[in-house]
Amino acid sequence: MADDRNQTARPSLSRQLLPAVHGLLARPLSSYYLLIASAGLLLLIGLTMVFSATSVKAYAANGNAFSAISSQAVYALLGLIAFWICQRLPAITLRALGKYVLGVSVVLLTFQNLAVMILNIGAQQSKPVGPVSVSLLSLAVGGVSVQPSELAKLGLVLWGADVIARKGPALGHWRELAMPLFPVIGLLFVLVGYNDVGTMLVLLALIIGLLWAAGVRMRVFSALGVLGLTGIGLLIAAASRGAGSGTTGAENYRVARLTAFLTPLDKCDVDVCYQLIQGRSAIFEGGWFGVGLGKGALKWGWVPEAENDFIYAIVAEELGVVGCSVVLALFAVLAFTGFRIARRSADPFRRLAAAAITTWLVAQAVINMGGVVGLLPITGLPLPFISAGGSALIVAMAAIGMLASFARAEPDAARALNARPTPRWVRLVWAPLPPVPPPRRPGQQRETPVSAGKDRR
């Protein structure tokens, strides 16, 4: 009799749980709260893991275990300021800023590539060019390092969404699609991919998300796929001519890194697979529950770039499969929320920008984690919100701020916020009220934009 009662109680529990979850998701501001919660938890986990991964080396280098985490905390604070600013900006301002952000990134990338070429001629890795210090992936001015490729992601989101939103139904014609979108994308691919194929792959994913949200037909994606693969092949081959950290006449390091994950570890060259081997070792040592936060040993110089592109291996060692699953779940929530915001946005620009931002962040996370566990090639990309670094974190937080602005501008959310407006000081300190959407038409259940994707063939 007890077993029968338990069996009858289980379905009733599930019948109660599912409507409760559906009710929470149906609330007007559920997208906004899910976005803030997932991004905030990822940022908190990132700060914790950066401290764990850098404290030993920082103490050995200068006697202060907090030197690295203090810098990352400053970057996180700047990222929160960028989040706050972007959350307050209306869509018309973001559209106007797009071409300027993209233009600045193109200028900086051009200067960086020219300087790197000159340094390669002189067989130097880094050298000051006036007040600017140039390296393979960054520019440093007065000790402040900037990665122009991170700025290019944000600029491409804003500018690309604005251009596509302006074209509207005319986007179905090749001529409208090609000008000016394709030349600018090609230029960015060359400027970014010459030194950093990993970031170029993220830009490619961003473009795919942008065009998919715009409803571009499948035959266009097929043509773009052929062109994209051709360009990637040329940039990989360019490493033999000195592109990136390659050397003219030497073995193509990009080919070696992109094929290493397909080679069994016992047959792989140690010089090529060392980072992958150590990452696998960290995962093996962690097991299900990890060795404990801060107790990992492989971060003591055994895992290269432990605080940056291989920080997921430190998460696996110290927090185990459970910790890795939490990070995966938070990125899954972020992906669900970002695409939900895109689907529920009535404004074409907001819809396109939200889809592009979500694709960018999720694709970068998948490439990073896939490289660490050996399912994808190692590309040197940071894990969003988790890895150490200033430019990537600040730009990612700015992107989350834009998503938060779009979530507040959802038709139901905007009506709810304007129906019971917060006090004036809250609007001044946090975010202004979004514009009131037009009233629902009779019989309309929910305002969901009609996607051009219905015409996709």
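In this text the structure is predicted, and so the values were computed from the model without any measurement.
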- prompt: Asn113 side chain to Leu191 main-chain N or O, any donor-acceptor pair under 3.5 Å?
  reply: yes
Donor-acceptor contact below 3.5 Å, side chain Arg350 vs main chain Ala342: no
### Message
Measuring only between side-chain heavy atoms, which start at C-beta, is Thr337 closer than 4.5 Å to Tyr32?
### Response
no
Is the side chain of Ser281 donor-acceptor paired with the backbone N or O of Ile277 at a distance under 3.5 Å, no angle test? no
Distance col, row Leu203:CG vs Ser149:OG, nearest 0.5 angstrom, shows 8.0 Å
task: Measure from the side-chain N and O atoms of Ser67 to the backbone N and O of Asn64, and report whether any donor-acceptor pair falls under 3.5 Å.
output: yes
In terms of heavy-atom contacts, Ile386 and Leu42 come closest through CD1-O, 3.2 Å
Taking it one step at a time, do Glu410 and Ser345 satisfy side chain to side chain donor-acceptor pair (under 3.5 Å)? CA-CA 5 Å; Glu410 288 179 6; Ser345 295; 5.7 Å; no
Residues passing the side chain to side chain contact (heavy atoms under 4.5 Å, CB included) test with Tyr33, sequence neighbours excluded, are Leu29
Are the side chain of Gln364 and the backbone of Pro382 linked by a donor-acceptor contact shorter than 3.5 Å? yes
Before giving the answer on side chain to side chain donor-acceptor pair (under 3.5 Å), spell out for Ser52 and Glu318 the whole-Å C-alpha distance, their side-chain angles and the decisive distance to 0.1 Å.
CA-CA 9 Å; Ser52 177; Glu318 298 189 352; 2.6 Å; yes
task = Mark yes or no for whether Ser387, through its side chain, and Asn308, through its backbone, hold a donor-acceptor pair below 3.5 Å.
result = yes
- Could you go through the side-chain contact (heavy atoms from CB on, under 4.5 Å) check for Val315 and Phe310 one step at a time? CA-CA 9 Å; Val315 175; Phe310 253 64; over 6 Å; no
- [ ] Walk me through it: do Gln87 and Arg408 pass the test side-chain contact (heavy atoms from CB on, under 4.5 Å)?
- [x] CA-CA 9 Å; Gln87 183 185 227; Arg408 289 170 58 87; 4.1 Å; yes
Closest non-hydrogen atoms of Leu43 and Ala76, given as atom of the first, atom of the second and distance, are CD1-CB, 4.2 Å
**Asked** Under 6.0 Å between ring centres, would you say that holds for Tyr59 and Phe66?
**Response** no
Note to self: Set out, in order, the CA-CA distance, both residues' side-chain angles and the distance that settles side chain to side chain donor-acceptor pair (under 3.5 Å) for Asp196 and Thr199, then state yes or no.
What the structure shows: CA-CA 6 Å; Asp196 189 357; Thr199 302; 2.4 Å; yes
Using atom types as modelled and distance alone, determine if a side-chain donor or acceptor of Trp84 lies under 3.5 Å from a backbone N or O of Val429. yes
- Item | Main-chain N/O of Gly198 paired with Thr379 side-chain donor or acceptor, under 3.5 Å | no
### Message
Closer than 3.5 angstrom, by distance alone: can the side chain of Asn418 be matched with the main-chain N or O of Ala414 as a donor-acceptor pair?
### Response
yes
(message) Working note: Gln72 + Thr54, criterion side-chain contact (heavy atoms from CB on, under 4.5 Å); need CA distance, chi angles, decisive distance, verdict.
(response) CA-CA 11 Å; Gln72 188 67 13; Thr54 60; over 6 Å; no
CG (Leu102) and CG (Asp162) are apart, to the nearest 0.5 Å, by 11.5 Å
Query raised in the report: Under the side-chain contact (heavy atoms from CB on, under 4.5 Å) criterion, do Leu89 and Leu94 qualify, and how do the steps go?
Result: CA-CA 7 Å; Leu89 293 178; Leu94 293 173; 3.9 Å; yes
Practice task
Verify side chain to side chain donor-acceptor pair (under 3.5 Å) between Arg340 and Ser30, making sure each step is shown before the conclusion.
Solution key: CA-CA 10 Å; Arg340 185 175 191 259; Ser30 58; 2.9 Å; yes
Check your understanding: Counting distance only, does the side-chain N/O of Asp309 pair as donor-acceptor with the main-chain N or O of Leu381 below 3.5 Å?
Key -> no
